[in-house]
**Student:** 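For reference, the structure I am asking about is given below.
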Amino acid sequence: MTVIGPTRPRLTVSGRPISTHLRDVSSLSQQMVGHFVENVAPCGTLPGDALQGDVTAVTRACLEITLSHLDGRELPEKIERVHDAAAEWAREGIPIDTINHAIHEGFKLGFDRILSNASPSDSATLIATARRLLEILDTITSAVAMSYMREHRMVVGEHHTAVHTLASALLGGHSTSTMARECGIEIAESYQVLALAIPPHPDESTPDVDGRIVARRKLRRVQAELARRCGDRALSLLSVDGGTLLLPADTFPDETLDAVIEGLAEAAHVQITATVVAAVPAEIPDATDQAHELLDTVQQLTGGGGLHRFADLALEFQITRPGPARDHLSAILDPLDDHPELLETLRRHIANNFNRQRTARLMHMHTNTLDYRLKRVRLLTGFDPTVPSGLWYLTSALVARSYRTRPEPA
């Protein structure tokens, strides 16, 4: 921040100190506030008492700072008034670019008034005046930026804590009405409960790069995109590898969710996989468990990517539940354990939607070779992959088998 010493000489225009041309502080501050309302868009939406109170008071303080500096003096108590106002504006959510624009507009008005009283013989003085005004502008904008950002970080931190507290309460099934009032966050009638899996960014495994920093930067990009798209309506508990996101169903209907996940993935620079289950607040704990179980199923079966809904994977989800049915289905493929090429052929054929030509082409074999392998699958398992009933059982067996060697959750 620029410091202007008290020994600097007064500048004169038309034989009078420049500060005298700005001396009518009360009238000029009112004129400037009127200009802000007309030319700085958000200012026009402020309540009248704010314009006549805080905004006018700070405008007057800035004018008095300018006058004192032009006279070679300092008014440190006025700078403190600017610090306090900037902090208040940060708490009220007034954008800092709006504040800076208003400050610059005020300086332009003040300089125009000085110019209107100058004569051609004052050119050298006007150059010195412009330099000094830039120094004063630097002092004020630095004070605003420092206080605004400090307060903004505190406000964001408080909101993050409130979001974390309320989200934890909803996910844990605790009473939330009182907590919501304390947090200042309204609870929606129903939520879209999303389970997210965020894979590592490629740079996280680069030997000469700190993977933890890369992961944190990835998470910050996701959180910034979430804030941009959802504002303060999103409740999230996220880490570098995923987590849970609650979105009010009235604001984010089902058809909007694909775009949300796509936006988060684009921000993260990785392919995010997500699942969604709708729930009222009391059902959120169970819905969260279901969404994450479904997410696990998606990752096992497809490798992930994009948004998946329970209705699209209900059969696969049910097949993967522990029990004798899953064990029986999984055992269907046991005869293929000694023939990995047959098991891989079956996987690829199912993944290619049973298209013989495509499977043969991708596996670099003749269709006759494919037919022979599928025949061998029928002979070994007892289920024919070329007829719908046999293919249904074999597909279900592959789904169940993907879970057979996994430990069950405690």
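Throughout, residue positions are numbered sequentially from 1 according to the sequence presented. Please read these numbers as outputs of a predicted model, since none were measured by experiment.
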**Student:** Using atom types as modelled and distance alone, determine if a side-chain donor or acceptor of Thr139 lies under 3.5 Å from a backbone N or O of Glu135.
**Tutor:** yes
**Student:** Distance-only, no hydrogens or angles: does the Lys108 side chain make a donor-acceptor pair with backbone N or O of Ile103 under 3.5 Å?
**Tutor:** no
**Student:** Can you confirm whether Leu333 sits close enough to Leu398 that some side-chain heavy atom of one is under 4.5 Å from a side-chain heavy atom of the other?
**Tutor:** yes
**Student:** With heavy-atom distances below 4.5 Å as the criterion, would you say the side chains of Leu226 and Ser236 are in contact?
**Tutor:** yes
**Student:** Looking only at atom types and distance, does a side-chain atom of Ser147 sit under 3.5 Å from a main-chain N or O of Val144, one as donor and one as acceptor?
**Tutor:** no
**Student:** Do the side-chain N and O atoms of Arg348 and Thr359 include a donor-acceptor pair separated by under 3.5 angstrom?
**Tutor:** no
**Student:** If we ignore hydrogens and angles and just use 3.5 Å, is the side chain of Gln192 paired with the main-chain N or O of Pro248 as donor and acceptor?
**Tutor:** no
**Student:** Please determine if Arg233 and Asp250 form a salt bridge, counting it only when a charged side-chain N lies under 4.0 Å from a carboxylate O.
**Tutor:** yes
**Student:** List the residues meeting ring pair (Phe, Tyr, Trp, His ring centres under 6.0 Å) with Tyr393, not counting sequence neighbours, and say none if there are none.
**Tutor:** Phe383
**Student:** Hey, is Asp254 close enough to Arg309 for a salt bridge, meaning N to O under 4.0 Å?
**Tutor:** yes
**Student:** May I ask you to test the Met363-Arg373 pair for a side-chain heavy-atom distance under 4.5 Å?
**Tutor:** yes
**Student:** Quick check: does any side chain N or O of Lys218 sit under 3.5 Å from a backbone N or O of Val240, one acting as donor and the other as acceptor?
**Tutor:** yes
**Student:** Any sub-3.5 Å donor-acceptor pair from Glu204's side-chain atoms to His201's backbone N or O?
**Tutor:** yes
**Student:** Do the side chain of Thr369 and the main chain of Met365 share a donor and acceptor less than 3.5 angstrom apart?
**Tutor:** no
**Student:** Would you say the side-chain atoms of His292 and Thr244 include a donor-acceptor pair closer than 3.5 Å?
**Tutor:** yes
**Student:** Please confirm whether the backbone N or O of Ala291 pairs with a side-chain atom of Thr275, one donor and one acceptor, at under 3.5 Å?
**Tutor:** yes
